[in-house]
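Quick note on labels: first sequence line is chain A, next is B, and so on, each numbered from 1. The figures here come from the full heavy-atom set of this structure, side chains too, leaving out hydrogens, waters and symmetry mates.
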Amino acid sequence: MPELPEVETIRLSLLAPLTNRRITGSAIGAFPGVIGAMDWSMFEQGVRDRTIQGIRRRGKYLLIELDDESGIEVHLRMTGNLTLLPAEVDPVRFEYLVITLDDGQTLRYSDQRKFGRVLFHPAVDRSWMAAKLGPEPLTPAFSSAYLERKLRGRTAAIKALILDQRIIAGVGNIYADEALFRSKIHPLQPGGSLTVAEISSLVRSIKHVLRMGVENRGTSFSSYRDGYGESGANQFRLRIYGRGRSGEPCTRCRGPLTIVEAGGRSSHVCLRCQPLRMIEGAGSGARERQRR
DNA sequence: CATTACCTGCAA
DNA sequence: TTGCAGGTAATG
């Protein structure tokens, strides 16, 4: 479940210890697919003796920049973890890649479900990820004017649209539910039916919940930890995510919470606070007409 | 546009 | 034993 705040927390925790460190070697574990289709020798030779210049983040992607224009791209997907540990420490559970540094530390990539990837790119251009990802939500480029433009005419559920990384980079299921709840918008509301006021509120809510997530060093529900293996604290600050399943009432109106499916994933919603407004002639309306 | 595949631990 | 967790690529 690492989303933008979790990935940013990992980046911040690893930035100082990795910067200016030379990579002295690397080792692959029981799941060679972790580095993608590339031959292991290519990866190993590519990173060896390179010095780490910095770590960038775009959406949920990390890029460990090396001193020759190459870079190591990391996507944690669901259960990936990057952990900095002394070389003598035994392998952690599900450890599939180890990068050894010149100061006796090692960067370990572990991943229970093997969804994540650690890719070596021999040449990283300045537009890294630009074609695949929308604007960073915590920059001015993500504005209500921008989101209005993106939502205009769209019949898909607003939740599906804000989970679309081409529209906003870095929002996942947890922060999407939190932002929609704060802005009192039903996850299934067609994107194009949102009012200007709702869009402006949603943009502010997305920025707010992501900033809060970063301030609290991420949401640790299951496997997420920062680069030192430490849990975050944002799970205690969530207003709706996960509460529907445990039968808790709405934190705003004390009414019942519901779980609906939106954007292909479970979404926590308070139907009292986030009523669904039906729109004449919208996509779902056309489908209902067919049924009759 | 929505749905499925990819994975595995864990709760029901 | 079943189904759910969910980010993304591939598929319909």
Enquirer: Just checking Lys207(A): does its NZ atom have more than 12 heavy atoms from other residues, nucleotides or ligands closer to it than 6.0 angstrom?
Expert: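 More than 12 heavy atoms, drawn from other residues, nucleotides or ligands, come within 6.0 Å of this atom.
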Enquirer: So, is Ser266(A) near the phosphate of dA5(C), with a side-chain N or O under 4.0 Å from OP1 or OP2?
Expert: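 Result: yes.
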Enquirer: Looking at Lys114(A), does any N or O in its side chain come under 4.0 Å of the phosphate oxygens OP1/OP2 on dT8(B)?
Expert: yes
Enquirer: dA9(C), dC1(B), dC7(B): which one has an atom nearest the side-chain heavy atoms of Ala156(A)?
Expert: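 It is dC1(B).
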Enquirer: Output the rounded distance in Å from CG (Leu163(A)) to C1' (dT3(B)).
Expert: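 Nearest whole value for this atom pair: 15 Å.
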Enquirer: In whole Å, I'd like the distance from the CE atom of Met78(A) to the P atom of dT8(C).
Expert: 10 Å
Enquirer: Roughly how many Å is it from CD1 in Ile168(A) to P in dT8(C), rounded to a whole number?
Expert: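 These atoms are roughly 13 Å apart.
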Enquirer: When you measure only distances, ignoring hydrogens and angles, does the side chain of Arg265(A) come within 3.5 Å of the base of dA5(C) through a donor and an acceptor?
Expert: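 Side chain to base: no pair below 3.5 Å.
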Enquirer: Check this for me: does any side-chain nitrogen of one of Arg48(A) and Glu44(A) sit under 4.0 Å from a carboxylate oxygen of the other?
Expert: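 Counted as a salt bridge, because a side-chain N and a carboxylate O are separated by less than 4.0 Å.
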Enquirer: Is Arg166(A) close enough to dT8(C) that one of its side-chain N or O atoms is under 4.0 Å from OP1 or OP2 there?
Expert: no
Enquirer: For Arg22(A), does its backbone N or O pair with a side-chain atom of Asp102(A) as donor and acceptor, under 3.5 Å?
Expert: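 At least one qualifying donor-acceptor pair exists.
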Enquirer: In terms of the angle between their ring planes, are Tyr146(A) and Phe142(A) parallel, tilted or perpendicular, with boundaries placed at 30° and 60°?
Expert: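 Answer is perpendicular, since the angle exceeds 60°.
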Enquirer: Think Arg58(A) forms a cation-pi with Tyr61(A), using NZ or CZ under 6.0 Å from the six-ring centre and within 45 degrees of its axis?
Expert: no
Enquirer: What integer distance in Å separates Ile167(A):CD1 from dC1(B):C1'?
Expert: 12 Å
Enquirer: OP1 or OP2 of dG7(C) less than 4.0 angstrom from a side-chain nitrogen or oxygen of His75(A), does that happen here?
Expert: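 Result: no.
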Enquirer: Report the distance from atom CD of Gln112(A) to atom P of dG7(C), rounded to the nearest whole Å.
Expert: 15 Å
Enquirer: Output the single nucleotide from dG7(C), dG9(B), dT3(B) whose closest atom is nearest the side chain of Phe115(A).
Expert: dG7(C)
Enquirer: Counting any heavy atom closer than 4.0 Å, what does Arg117(A) reach on the DNA or RNA strands: base, sugar-phosphate only, or nothing?
Expert: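 Here Arg117(A) touches no strand at all.
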Enquirer: What is the distance, rounded to the nearest whole Å, between atom NZ of Lys159(A) and atom P of dG7(C)?
Expert: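 Value for this atom pair: 9 Å.
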Enquirer: Can you identify which nucleotide, out of dT8(C), dG9(B), dC7(B), has its nearest atom closest to the Arg93(A) side chain?
Expert: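 Looking only at side-chain atoms, Arg93(A) lies closest to dG9(B).
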Enquirer: Rounded to the nearest Å, what distance is computed from the CZ atom of residue Phe31(A) to the P atom of nucleotide dT8(B)?
Expert: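 Nearest whole value for this atom pair: 8 Å.
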Enquirer: Can you tell me if Lys132(A) touches the phosphate of dT8(C), counting only side-chain N or O atoms and a distance under 4.0 Å to OP1 or OP2?
Expert: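 No.
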Enquirer: Calculate the interatomic distance between Arg113(A) atom CZ and dC10(B) atom C1'; express it in whole Å.
Expert: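 Whole-Å distance recorded here is 11 Å.
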Enquirer: For dC7(B) and dT11(C), measure between their P atoms and round to the nearest Å.
Expert: 15 Å
Enquirer: When you measure from the side chain of Phe94(A), which nucleotide among dG9(B), dC1(B), dT8(C) comes out closest?
Expert: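 Nearest to the side-chain atoms of Phe94(A), counting from C-beta on, is dG9(B).
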